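Read the structure below first, then the notes.
Predicted, not measured: the structure shown is a model, and the values here were computed from it. In each ligand, atom 1 is the first atom listed, and ligand 1 is the first ligand listed.
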Amino acid sequence: MEFLLQPGGSVQGTMRVPGDKSISHRSIMLGAIAEGVTEISGFLEGEDALSTLNAFRAMGVVIDGPRDGNVRVHGVGLHGLKAPQGPLDMGNSGTSMRLLSGLIAGQSFSATLIGDESLSKRPMERVAKPLRLMGAVIETQEGGRPPLVIKGRGQLKGIHYDLPMASAQVKSCLLLAGLYAEGETSVTEPAPTRDHTERMLGGFGYAVERRGNATVAVKNGGKLSATKIDVPADISSATFFMVAAAIAPGSDLTLTHVGINPTRIGVINILKLMGSDLTVFNEREVGGEPVADIRVRYAPLHGIEIPDAQVPLAIDEFPALFIAAACAEGKTVLRGAEELRVKESDRIQVMADGLHTLGIEARPTPDGIEIVGGKLGGGVIQSHHDHRIAMSFAIAALRASAPIRIEKCDNVATSFPNFVELAKNAGLYIEVAR
Ligand code: S3P
């Protein structure tokens with residue numbers, strides 16, 4: 001699938017983007033190992049969250065839906081999962097593979113986790129290594145890549161682990177393994193990362209201890225009780241439209257019911273630092289997660305040095321933020337973001353290549369990029385099957401002087417299935433070609 005964009009336009013109106021991907025994954029995982037029926041609304045019906053859902057069905061969990069974002073998970077309790085008949089296919093989803101590896105390491109059965117071409121290139125030793133320290137038997141393939149073969153023996157022991165990188169996926173993997181490990185499992189992170197697992201475990205009635213702002217611990221022996229989960233709109237999906245309104249003259253757009261968990265709001269902070277006219281209002285709490293409406297009106301942006309502390313808080317938003325930087329006056333510098341090189345694609349190189357195609361000066365560095373704002377032309381962009389690259393260059397068209405064609409956009413459905421429809425409604429000139 002390709003996106004074809006005509007240049008120009010602005011974005012207007014009010015919209016609600018689909019449910020948060022991270023929270024949707026976790027709602028299925030924790031619902032499955034809880035006791036009782038968990039009712040989820042606002043669930044993201046994207047391919048990534050569906051990979052998680054199908055994996056639990058394959059492990060014997062009865063799940064009704066999704067239907068209009070509603071899902072009912074008939075929990076089997078911590079020890080009720082069954083051995084899957086074949087390999088569990090995680091598709092494009094790193095979150096499914098990394099979190100499930102921890103959960104499955106605690107079972108007394110074995111499973112093989114496989115993924116698509118992009119996921120099959122992503123590093124898995126970051127979870128395999130600490131899980132082995134907990135006593136798990138896990139094989140990765142050459143270079144520490146998937147498939148992951150996990151031989152569950154039901155006898156993990158708790159450890160303390162200092163995360164070598166700021167990764168919510170590794171932290172969550174170990175906390176899930178910790179539910180099954182003898183004694184205490186604790187994790188210290190080098191910088192705050194998304195804390196949806198910790199919050200949601202609390203929501204299911206499982207004790208999680210936070211020590212200071214860097215360490216979190218769980219003990220085995222508890223149980224999860226089914227609950228209701230209202231998934232907020234995904235700030236990572238909202239980002240494309242926040243940036244769209246920020247760069248396109250005449251824009252005035254409101255995004256409703258957006259999750260504004262403090263570990264996810266780097267994009268808001270960075271856009272404001274760049275001079276964006278962005279207001280967060282109607283703040284409230286929904287099921288343990290803060291939610292708000294966000295209004296963005298066009299205002300000229302200027303380049304900045306992105307503060308280090310914002311990097312993990314905006315890790316998925318950088319492709320779109322690079323488009324904002326390309327439309328800003330002056331230079332934007334990002335450092336300390338080497339994790340971007342191991343996402344669904346090498347997002348530093350792939351974004352730099354695309355920006356070059358559009359005539360923007362972008363200099364990749366090992367751990368970041370320098371982008372000099374300028375005039376965007378048109379051209380053909382390679383998305384490398386990366387959903388966020390595809391959507392970022394789609395919004396770039398608002399400021400381009402010629403058409404943009406973006407190749408290999410199928411994976412947009414992993415996180416944002418109705419992107420094209422919402423983009424058209426908001427004012428982008430976007431068509432799909434197959
Ligand atoms: C996620 C954590 C982040 C993020 C990913 C979702 C999660 O990855 O990039 O899209 O749901 O825990 P890392 O933890 O590897 O940085």
At a 4.0 Å cut-off, with the gap strictly under it, does some heavy atom of Asp316 reach an atom of ligand 1?
yes
Closest protein heavy atom (residue, atom, distance) for atom 13 (P) of ligand 1
Lys343 NZ, 3.5 Å
With Glu2 as partner, the option from Arg405, Lys408, Arg434 fulfilling salt bridge (Lys or Arg N to Asp or Glu O under 4.0 Å) is Arg405
Which ligand 1 atoms does Ser167 reach within 4.0 Å, using its non-hydrogen atoms?
13 (P), 14 (O), 15 (O)
Taking non-hydrogen atoms only, is Arg194 closer than 4.0 angstrom to ligand 1 via side chain, backbone, both or neither?
side chain
Name the atoms and distances for all side-chain donor-acceptor pairs under 3.5 Å in residues 311-320, with sequence neighbours left out.
{"unit_1": "Asp316", "atom_1": "OD2", "unit_2": "Arg194", "atom_2": "NH2", "d": "3.2"}
{"unit_1": "Glu317", "atom_1": "OE2", "unit_2": "Ser236", "atom_2": "OG", "d": "2.7"}

Could you check if a side-chain atom of Val291 sits within less than 4.5 angstrom of a side-chain atom of Ile260, using non-hydrogen atoms only?
no
So which bit of Arg26 gets within less than 4.0 Å of ligand 1, heavy atoms only: side chain, backbone, both or neither?
side chain
Quick one: nearest non-hydrogen protein atom to atom 1 (C) of ligand 1, plus distance?
Gln169 NE2, 3.5 Å
Report, in ascending order of atom number, the atoms of ligand 1 lying under 4.0 Å from any heavy atom of Thr95.
1 (C), 6 (C), 7 (C), 11 (O)
Could you see which bit of His196 sits under 4.0 Å from ligand 1, with heavy atoms only: side chain, backbone, both or neither?
neither
For the rings on Phe419 and Phe241, is their centre-to-centre separation under 6.0 Å?
yes
Would you say the ring centers of His79 and Tyr180 fall short of 6.0 Å from each other?
yes
